[in-house]
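Working notes for the structure below.
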Amino acid sequence: MEYIKAGQFIRELRKRKGMSQEELCMGLCEPPTMSKIEKGRQYPNKKLLDALLVRLQEQAELQVPLSAVDFERAQIEREAVSRIANREYDIMELAARYRECSPMMNNHEQQFYRLAQALYLAGIEKNWTVALDAFETAIRLTMPNYTVGTDINANMLTSMEFTILNNIAICLWFLNQKDEAIDLMEQLYEILDTYEMDREEYAKRLPMTAYNLSTWLGIRKEYKAALCVAEEGIECCIKYGKYASLGDLLYNKGFTLLCLGAAEQAKPILQRAFMHLLACNKTVSYGNLKKDLTDSFGTEVWADIMAITLPEDLPSDG
């Protein structure tokens, strides 16, 4: 598709959706910019184009010119995403490099820059109050009316918006606003289950969302709901080959089954969980979850789990 047709495609799709230019571009760009894009007088950069297509719930691949600055920032973003996936949040030097690429940053580029700062505050400094304020500042760049308690189910979220909202929920949890945290995480979970989206994006997002939500529901002793969420997360990991969260989700499933009195069903699943954590070199998670298990159910349960000889054909999800 030629570049000039990207704007025409967006205009036609917007009209079919019954959206005004103002509704489509709110928080993404100014209405005059949107008008120029639709008339083919201005190219959107890739981040803006992707955000417009997400808001229109369209998975089309449209080509736009890529400047040297856009390319360099895209490379930095990929490196940051890779580190975040491995829970490495000390990414301030990446944020600095990102800003140094050019003195000009549009809303989406500012959003990434602020996200990097907020992740450092939350993941490294554990300053949940300041981090929450930073995440909320970031999300309001593209969702200007967002406040805690906002119904986000009407929104098709970009990858960055989803990451920010997920982290807002985590901050709320650690600030003891647990009802608000669970409500937001449940909305994110529902969006993943409701809206059609790229399968790769779904496979990246659902396991971690399911892990957080199943953990919190379990803490609230909503064990049956927690079990259902953990099982869906496990199914997603296995179906799409995304194993980063599998050990944690298996643990949540096994722990919840113990809470429901299904010890014999839970124990082989828990052993699978700890084996997977070790295989992935998640020694910190292994130690934390072992302590959680023994504090909750005693060392006898741990000994029973480690004594099990698993059949070779036992499915990975237990």
Side-chain angles (χ1 to χ4, degrees), residues 1-11 13-14 21 24-56 58-86 88-124 134-144 156-165 167 198 200-201 204-205:
M1 182 174 287
E2 296 175 2
Y3 301 140
I4 194 169
K5 292 184 179 179
Q8 296 170 359
F9 180 85
I10 289 170
R11 182 180 68 245
L13 189 59
R14 173 181 63 78
Q21 286 185 341
L24 175 58
C25 73
M26 181 181 290
L28 302 181
C29 64
E30 295 299 319
T33 301
M34 188 73 251
S35 179
K36 290 177 183 177
I37 290 170
E38 289 193 353
K39 291 176 181 177
R41 296 176 183 171
Q42 180 173 328
Y43 296 149
N45 71 8
K46 188 172 190 322
K47 292 182 74 63
L48 175 55
L49 179 60
D50 289 346
L52 290 169
L53 291 173
V54 166
R55 191 163 285 182
L56 288 164
E58 176 58 53
Q59 296 182 27
E61 289 288 336
L62 303 180
Q63 300 299 316
V64 293
L66 194 65
S67 70
V69 170
D70 289 339
F71 178 79
E72 188 173 354
R73 281 182 167 157
Q75 295 294 99
I76 294 170
E77 285 190 33
R78 274 193 284 272
E79 184 176 348
V81 168
S82 175
R83 291 197 198 179
I84 293 165
N86 291 319
E88 299 171 14
Y89 301 113
D90 192 359
I91 56 175
M92 289 302 291
E93 85 282 3
L94 294 180
R97 280 170 48 200
Y98 193 85
R99 187 168 190 170
E100 289 166 2
C101 290
S102 168
M104 301 296 293
M105 288 196 289
N106 63 27
N107 272 13
H108 303 90
E109 290 158 345
Q110 288 185 50
Q111 192 170 63
F112 172 79
Y113 179 73
R114 292 181 181 276
L115 170 61
Q117 293 177 312
L119 285 169
Y120 181 86
L121 291 166
I124 302 298
F135 283 123
E136 289 181 336
T137 298
I139 198 63
R140 289 190 188 112
L141 286 165
T142 55
M143 297 174 63
M156 189 64 181
L157 304 173
T158 66
S159 176
M160 200 178 308
E161 288 170 338
F162 195 99
T163 298
I164 294 167
L165 290 166
N167 280 281
D198 179 78
E200 181 69 19
E201 189 70 18
K204 285 193 300 185
R205 298 288 168 194

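Note that the coordinates shown come from a computational prediction; the quantities given were computed from them, not determined experimentally. Because only heavy atoms are used, hydrogens play no part in the values below, and waters and symmetry mates are left out as well, while side chains stay in.
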Check the surroundings of atom [atom1] in [X]: do more than 12 heavy atoms from other residues, nucleotides or ligands lie under 6.0 Å from it?
X	atom1	value
Glu30	CD	no
Arg99	CZ	no
Met105	CE	yes

Problem - With sequence neighbours excluded, residues passing ring-ring contact (aromatic ring centres under 6.0 Å, His included) with Phe135 - result: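 Expected list: none.
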Practice task
Please identify each residue that fulfils ring-ring contact (aromatic ring centres under 6.0 Å, His included) with Tyr89, with sequence neighbours left out.
Solution key: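 Here no residue qualifies.
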Quick one: are [X] and [Y] in side-chain contact, heavy atoms under 4.5 Å?
X	Y	result
Ile139	Leu165	yes
Thr142	Met160	no
Ile10	Met34	yes
Glu161	Arg55	yes

Under 3.5 Å, is there a donor-acceptor pair linking the side chains of [X] and [Y]?
X	Y	answer
Ser159	Glu201	yes
Glu109	Tyr98	no
Arg205	Thr163	yes

Handout entry: salt bridge (Lys or Arg N to Asp or Glu O under 4.0 Å) contacts in which one or both residues fall within residues 89-98, not counting sequence neighbours
Key =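 Residue pairs with at least one partner in residues 89-98: Glu79-Arg97, Arg83-Glu93.
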Handout entry: SB check Glu77 Arg73 (cutoff 4.0 Å)
Key =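 Salt bridge: no.
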Considering non-hydrogen atoms only, spot the tightest contact between [X] and [Y] and give its length.
X	Y	answer
Ala134	Leu121	CB-CD1, 4.1 Å
Ala138	Arg114	CB-CB, 3.9 Å
Val69	Cys101	CG2-O, 3.8 Å

Practice task
Hey, could you give me the CD1/CD1 distance between Ile91 and Ile84, rounded to the nearest 0.5 Å?
Solution key: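 Separation between the atoms: 4.0 Å.
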Problem - Side-chain donor/acceptor of Asn107 to backbone N/O of Leu141, under 3.5 Å - result: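 Yes; at least one donor-acceptor contact below 3.5 Å.
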Practice task
Apply the test side-chain contact (heavy atoms from CB on, under 4.5 Å) to residues Leu28 and His108: give CA-CA distance (whole Å), side-chain angles for both, the deciding distance (0.1 Å), then the verdict.
Solution key: CA-CA 7 Å; Leu28 302 181; His108 303 90; 3.4 Å; yes
